[in-house]
Each structure stands twice: as C-alpha cells, then as structure tokens.
Amino acid sequence: MIVVGVLLCVNLLLIAFVYLRRVRQSLRARRAADFIARFEALLDEVTGEGSSPELVEALRQFVSDLDELSRPLAATMLIDRLRPAAPETRAQVCEVLRRTGALDLLLRGIGRRTPWRRALAVRTLGFLGEEQAVPVVVGHLSDRNRYVREAAVRALGRIGDRRALLPLEAIFLDSERNVSSGFVYEALVAFGADAAPVFRQGLVSHDETIRVASCFGIAAALAPEPARTLLATMLDDRAASVRSAALAALGRIGGMEVPAELARLTRDEERSVRRAAATSLGAYDDERALETLLGVLRDPDRDTVIRAGESLLRLGRLPDVGAEARSAIAARDDWPLERARTLDSLGAV
Amino acid sequence: MSQTLVDLFAIVSLAIFVVFLIYNLFTLALIAFSAHEVTLLKEERGDLFRPTRERPLRPGISVLAAAYNERPVILSSVRSLLASDYDPLEVVVVDDGSTDGTFEALHEAFDLVPLPVGDRFQLETEQIEALYVSRTDPRLRVARKQNGGRSDALNAGFNLAYQELVATVDADSLLDRDALARIVEVFAADPDRVIAVGGTIRIANGAVIENGIVTLPRVPVRGTQASQVGEYLRGFLGARIAWAAMNGLLIISGAFGVFRRDLFRAVGGLSRATMGEDMELVMRMHQWLRPDHPELRIAFAPDATSWTEVPSGLGPLRGQRVRWHIGLLDNLRLHKPLWRWRYGALATLALPYTLAFEVIAPLLQVAGYAILIVLLVFHQVAFEYAIAFLIGVLLFGQLQTAGAILIEEIGFERYRTRDLFWIGGWGLLETFWYRPLTALWRAWATLLWLTGTRASWGTIPRGEALGEQPGEVSRAPEPAPLSR
C-alpha cells in the first residue's frame, strides 16, 4: 500500500506540475504578444527616422521596464531587425540603445548564470557591432558552454575589431580548441587580409582540421596569385581532406592556367580528392582543364564523373576555352554531360 | 487444483513480479535521465533557439524516400520535404515499382523531365529503370525501379544521391521545416565523432496539416491512435535521449535518420535480410566501426521532428508490431558480437534491457495473464492482493507516461493542454487493453520467428492523416502495403 501511495502522489505531482506550468506559459504568451506589438512599433521608429529626444526617452522608459520574460524577446527581435540591416542603420540603432542604457543591460546580461541568456546577450552585441563589448566578449571565448563560445566567436567576427584578432588566432591554431573551426574560420575571414598570417600558420599545423580551414582561409584572405602558390603546396598533403580542401579553394579562386598539381590529382587514389579536382577544374579558363576533364569522364567513381560533366559545362561559359569546350561537349554523348545539360537548362548547375 | 501447481504458479508469479519491478525501475530511471538531458539542453539553448542558417562549410543533405504504392500521401510528403529550410538539399524519391499511380501523381504535380540514370553505382540494387528531375523544383529527383523492397529502394536512392549526408525518411512522413537544420546541429556539435543522428517521430493522425507541414499537432480521440502517441513519446523522448547520451542507441527510426554518406556506403547500405533494416543498419555501424574507432557516436536529435501516419485500426497495428518484433529478433541474432565490453553501454545496458524487457518480458507478461486467470477461476488469489497489484501496475504505467509528458513539456511544448490530458487519460487506460495486446502480439511474433514463419506485410489505409489536398489526386486512394 505504501508503494501504491507513493506512486499515486508522484503521478499527481507530475500532473499538477505540468498543468501549472501550462497556466504560467499561457499567461506569459499573452504578455509576450502584447510586448512584441509595442516593441515592433518602437523598432520601426528606431530603424526608420532615427533618434528624436522623445523616442530616446520612450525607449529609456521601455528598457527600464524590461523583465526576465521581455529581455530575451527584445534581444531576439532586435537581431532579426539588424540581420539584414545596413551598417549605418546598425550604428544608428547602437547609438540610440547606448543613450537609453540598453547596452549596459546587454553587457550585464553576458554575466548571467543561464547559458542561453549569456549567448543571446553576446549575439545581440555582435549584431550591433558594439566595439565597447570586445573585451567582455573575448572573455567568453573560453565560456564553459559551447553555445556561448560559438556566439562569442561569431560576434567578434561581426564586430571586426582588431583587438579580437589575436585571441581568435589563438583559438584557431589550438588543436584542443572547444569551438568548431568553421566558426573561427568565418570570424577570421571577416578581418580580410589582416587574417592572412593566421591562415598561413594554419597551413603548417599538425592538425588536419586546421589545415583544411586554412586552405579556405587563404583563398578568402589573400590575392589570387599568392593564394594559388600557397595552395599548390598543400596538394601534396598526406591527408585526403586537406588535398580536397586545397583543390576546392583553388576552384574558388579559378584562373587562366591550371596548376599542374591540380590536374595530377584527378588521378588521386582517394575518390573525395578526385571529386574536388573535377569540380575545381571548371573554374580554369585553360585548354588543359578541358582535356583533363574529358579524361575524368572515364573515372570509376560516379560522383567524380558527374562533377566533371558539370565542370565541362562551366568551361563552356568561359571566354578563352568556352568555344572549344562547347564543341567538345556537343560531339560527345556521355551521360554525365547529358545530365549536366538537363540540370543546367533547369538552372540547377 | 493441486498444491504443487499452486506453488509452481506462485514461483512463476513471483518471478514475473520481480521482472516487472526491475523493468519499471529501469524504465523510470531512463525517463529521469532523459528529463535531465532535456533540461540541460533547454538551459543551453533557451526557448527562442533556432538552428543557425549561416553555418560555414555546411554539409549538403540528400533526403531519400522510398515509395511503394503511396499515391494518397506522396504529394504531401514530397512537398513537406521540399519545404525544408535547409540548403543545400536534394530530395530523391524512389518509386519501388508502384502499381497505384504513385509515379504518375509525382509526374503530374512536379512536371518531371528525364535525367540520365548513368552507371558506376556503389551499392547493388534492383535495376533503376529511369530517373527524372522536377522542372518546378530541380532539387527533386524521382527514380523508377523494379520492386525490391524498402531497403533496396533506399540503397538505390543512395546510389543516386550526391550530398555529404543522407537522410532516410518514409514516403508517408512529413518533416518539420527546420528538422534537417536541427539534426545537422548535432553533427556540427561533434563533427569528428558523430556518424549518424536519429530524429523524433511524432504522430500525424489528427494534426492540422497545411501544404505538407504540420501546423497544429493534435492527439487523435480514438484510443488506438492516442495510445500510440503516448507510446511514441515514451519511446523517443523517454528512452532514446538517454540511450543516445550513453552511446547505446540500437535504432534510428527508418522514418527519419541522417547518416554520413561515406560511412553508409562503407558498411554496405541497408540490408535486405531482415524486416528491421533500420535497426540492423545502426547495429552494423556499431559492430563494424566502433572496434577501430571507439570514439564514434550514434546520436539523437529530440527536437528534429518527422510526423508519420500510424495505423488507426487494430489489424494493421498488429501487422506492424509483429513485423517490428520479428525484425528485432532477427537483429539480436545477427549481431551477437555486440555483446562485448568494448561496446560500453550498448553491451552492458541497452542490449540486456532490450533482451529482458522487449523480448522476454512480453512472454512473461502473457504467461502472467494466463496464470492470473487460472488462479482467479480457482479462487487462489487474495482479492486485496490482486487489486493492489493492479493499481500498482496502473500507476507504474501512468508514471512512465507522465514522465514522458513532463519531458515533452520541459523541452518541446508541441501539444495543447487538452492533448496532454488525452495522452495521460489514454495512458491510464492502456494498462487494461493496449499493453496486454502489444504483449500478446510480441509473444505471437516470437512464436512465428522461432518456427521460421515470416509475417505478411499487412495493409493500412493511407492518406487519412496526412490530409491530401483536394484536386491534387484524381483517382481514389486504394489500400496499399504498409511497407516492405
């Protein structure tokens, strides 16, 4: 009977908990709907006409009334507005928020105990491009929560302040880093040529993932010619993923002359490398690219020949090799070419 | 009734009681663990979490859907897949020799044009006769092939796929718009170790569906379907979250799972040798990959949701459960090497749990019912004891359902308040009919398996739940085989 009694009590407690939580959620939803309507109207004014003293005063009052429920809603709505906004609009909004005390509130929010609230505050500051926040956000690159760390990395990339370059470099080159290298790569790329030395260092890292990200970083941060030279050295890397990344990066840069190593890798033992090589060749306005790709159509890997077909179609649009590529394609009936032509006619290549 | 027989029954009853108690305590522990995991996830992400759409170097996904006589539901399902907000995306529908006009419906709705099939396929399948691409949405590819079963069709879809990840879905499933983005979040969190991720399957029966998207989940009023809602919540939210956290997940549901394409190929794709091909693939991945790479993980994304239509009648439900159970038994037999320490929680917890409570317990449960009836007939049971035991069974069962509802409430809040009460209410009544029935079907499936009899596939009327839109299909839907 004791067991039955305990089970009954636990069941009733669970039911009561769920019911009361539902009641609370329903009340919060009503308040949230009201808040969203009021804040939308204010945001229209802030991003529109600018910062009249009346508007700043109204916002100051609004900010001082924010509570646990409305703060994250306000931050999320602000991010949604700022995401597509021009830099001038962001600066304008940032200035208004500074005068209303909202930025102080966000900076305080970074120190919250709940991880998602910290991450949201960091993210909002990133979208605002608030340079004052850089030291605090840098501090959260080693936050115990993954989402906060990721938000900090991305925020620093968005703000683009040079003070963040060194800490981001340290994370990028650290094999034991606890943020996805893709996010750090993206943040560093936002610094443009200033980040090139970091990627150069990354190319000689013993960590495969760092070398992969660095290949793309080099393509994004350096001018085509030096980038091509550096990437060509990576085509002999022992790791297939690095060779593939270097090929993909070379494909992003393109050029008038196919690097000899690139053509050679269409015969690599790893199919992932051959695929990357086939894709990359489509960006080179060079007769050798055409010859090599026609040979790749005999590759035993299906994905590789599909990519070769698509690349041949791309060559057909380039100024120098285009005419020759078009006539070569027209003279052949290989299925990858027919496939590429059909998809191209639908705008899918 | 002889005293010896009474004593024997008493011993068997005691054994059943002990198994029942261990089962409940273990299952409640799993639910508590899952609730803990969901609470942590919620603390990390908050209520307003949305998967990022700007992930750098984002992997592409090829969604593979096998369709065999799915005409009543195929258009809703394909629209749902194409409505996903994930990019790069490719949807490959494989018409596995349908005879009900599935392909014709797709052809008409999506304006298909031929694409060369090509060659150099990586997995052996029945011949792919033709391949098409949609003129209205070139992300959609439709292949026609000779009938070879679900595994064969998905393997054929794999051969045609192009992206880095492959997702397998049922042709009667509807994905949430952000389901793929949410599942990729799990890959992104641990890119070097996660090799496959399963999503949550929820029940579409009764839900409001607009343009292939479930806009308002509702729990059906009918007991057969409502009980399955509770059962799915217990299975996916109450158990799989915990098993995944221990890297002891034995199954990724065929209705929604995402795999690394290179590894899907490396292990040879889906097997045609078992009725539980989705479970078999996951067990094979554990068995083949983890001895050399113990760090690899098979994970679960509880917030990535696929909606599926479940049987609304007892006949089709029985067919489905018998088939599932035979698949389970096949897989336990096929993958005996997984019972080794090196597989960690999979070998020490997940497999013993599955064997004890999903294979043996239903047999004991059926035996228990039989003994109880005999003892009642011969007045050998104390009435108070029987009532107390019944209430105990009922409350333990209800506690599992309430625990699953709690997880749903903490982490996801997909249902209305009244729906939660429906789930709870039917959960209470389950003890009297649904659970005994499923135990009986499992016992029957065990008998069929032991005697080497393969279950027939059964039929299920399609399209009731997935809400085919008027005017999209000109011919009336016909009953079709559930799946192969």
Side-chain angles (χ1 to χ4, degrees), chain A residues 1 3-4 6-8 10-11 13-15 17-19 21-23 25-26 72-73 75-76 114-117 119-120 145-148 150 154 180-183 185-186 189 209 212-213 216 271-272 299-307 334-339 342-343 345-349, chain B residues 21 40 42-50 52 54-58 113-122 131 133-139 159-162 188-192 262 384 388-389 391-392 394-396 398-399 401-403 405-406 408-410 413 416-417 420-421 424 428:
Chain A
M1 286 315 285
V3 174
V4 168
V6 169
L7 284 173
L8 191 63
V10 175
N11 262 307
L13 275 173
L14 282 178
I15 291 167
F17 174 80
V18 170
Y19 184 72
R21 196 172 183 278
R22 274 291 156 120
V23 172
Q25 295 292 73
S26 148
L73 279 174
T76 310
T114 322
W116 70 265
R117 285 184 185 271
L120 188 57
N145 182 269
R146 150 175 115 88
Y147 288 97
V148 183
E150 280 181 7
R154 304 185 80 183
S180 155
S181 57
F183 283 116
Y185 152 82
E186 187 192 44
V189 162
T209 314
V212 167
F216 291 105
R271 70 180 81 204
S272 61
D299 192 280
D301 177 55
R302 179 181 169 87
D303 275 16
T304 306
V305 296
I306 286 178
R307 280 159 211 244
D334 304 64
W335 68 264
L337 286 170
E338 195 188 330
R339 181 184 191 277
T342 308
L343 291 177
S345 70
L346 303 175
V349 173
Chain B
L21 206 62
L40 287 181
K42 196 68 186 237
E43 276 222 337
E44 279 199 326
R45 295 172 161 190
D47 288 324
L48 304 168
F49 172 79
R50 280 170 293 183
T52 176
E54 302 146 2
R55 189 171 287 288
L57 314 176
R58 194 181 204 193
V113 291
L115 201 61
V117 176
D119 48 26
R120 285 163 259 198
F121 296 128
Q122 295 172 343
L131 178 65
V133 57
S134 164
R135 206 191 294 269
T136 55
D137 190 336
R139 294 175 303 164
N159 281 333
L160 299 167
Y162 191 67
D190 200 355
D192 297 330
D262 55 340
E384 298 79 6
F389 183 72
I391 295 173
L394 201 131
L395 289 175
F396 262 126
Q398 183 59 15
L399 201 55
T401 305
I405 290 174
L406 181 72
E408 161 69 17
E409 182 62 18
I410 295 170
E413 297 179 57
R416 301 171 302 176
T417 310
L420 295 183
F421 277 101
L428 200 63

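Letters A, B, ... are given to chains in the order of the sequence lines, protein chains preceding strands, and every chain is numbered from 1.
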Which answer fits [X], side chain, backbone, both or neither, if we ask what part of it has an atom under 4.5 Å from a heavy atom of chain B?
| X | value |
| --- | --- |
| A:Pro72 | both |
| A:Leu346 | both |
| A:Val189 | neither |
| A:Arg307 | both |

Smallest separation among heavy atoms of [X] and [Y], with atom names:
| X | Y | answer |
| --- | --- | --- |
| B:Pro116 | A:Trp335 | CG-O, 3.6 Å |
| B:Leu160 | A:Arg302 | CD2-NH2, 3.5 Å |
| A:Trp116 | B:Glu44 | CB-O, 3.2 Å |
| B:Glu43 | A:Thr114 | O-CG2, 3.9 Å |

Partner residues of B:Arg416 under the side-chain hydrogen bond (donor to acceptor under 3.5 Å, both in side chains) criterion, sequence neighbours left out
B:Asp419

Region of [X] that comes under 4.5 Å of a non-hydrogen atom in chain A:
| X | value |
| --- | --- |
| B:Ser134 | backbone |
| B:Asp119 | both |
| B:Phe421 | side chain |
| B:Leu420 | side chain |

Counting heavy-atom pairs under 4.5 angstrom with chain A, the leader among B:Leu131, B:Asp47, B:Ile410, B:Asp192 is B:Ile410

Quick one: OG1 on A:Thr304 to CZ on B:Arg120, what's the gap to the nearest 0.5 Å?
9.5 Å

Starting at CG of B:Leu399, measure out to CG of A:Leu14 and round the result to the nearest 0.5 Å.
6.0 Å

Between the side chains of A:Arg22 and B:Glu413, is the shortest nitrogen-to-carboxylate-oxygen separation below 4.0 Å, so that they form an ion pair?
no

N-O pairing of B:Glu409 and A:Arg21 below 4.0 Å:
yes

Which one, A:Thr209, A:Ile15, A:Asp334, A:Val305, leads in non-hydrogen pairs under 4.5 Å with chain B?
A:Val305

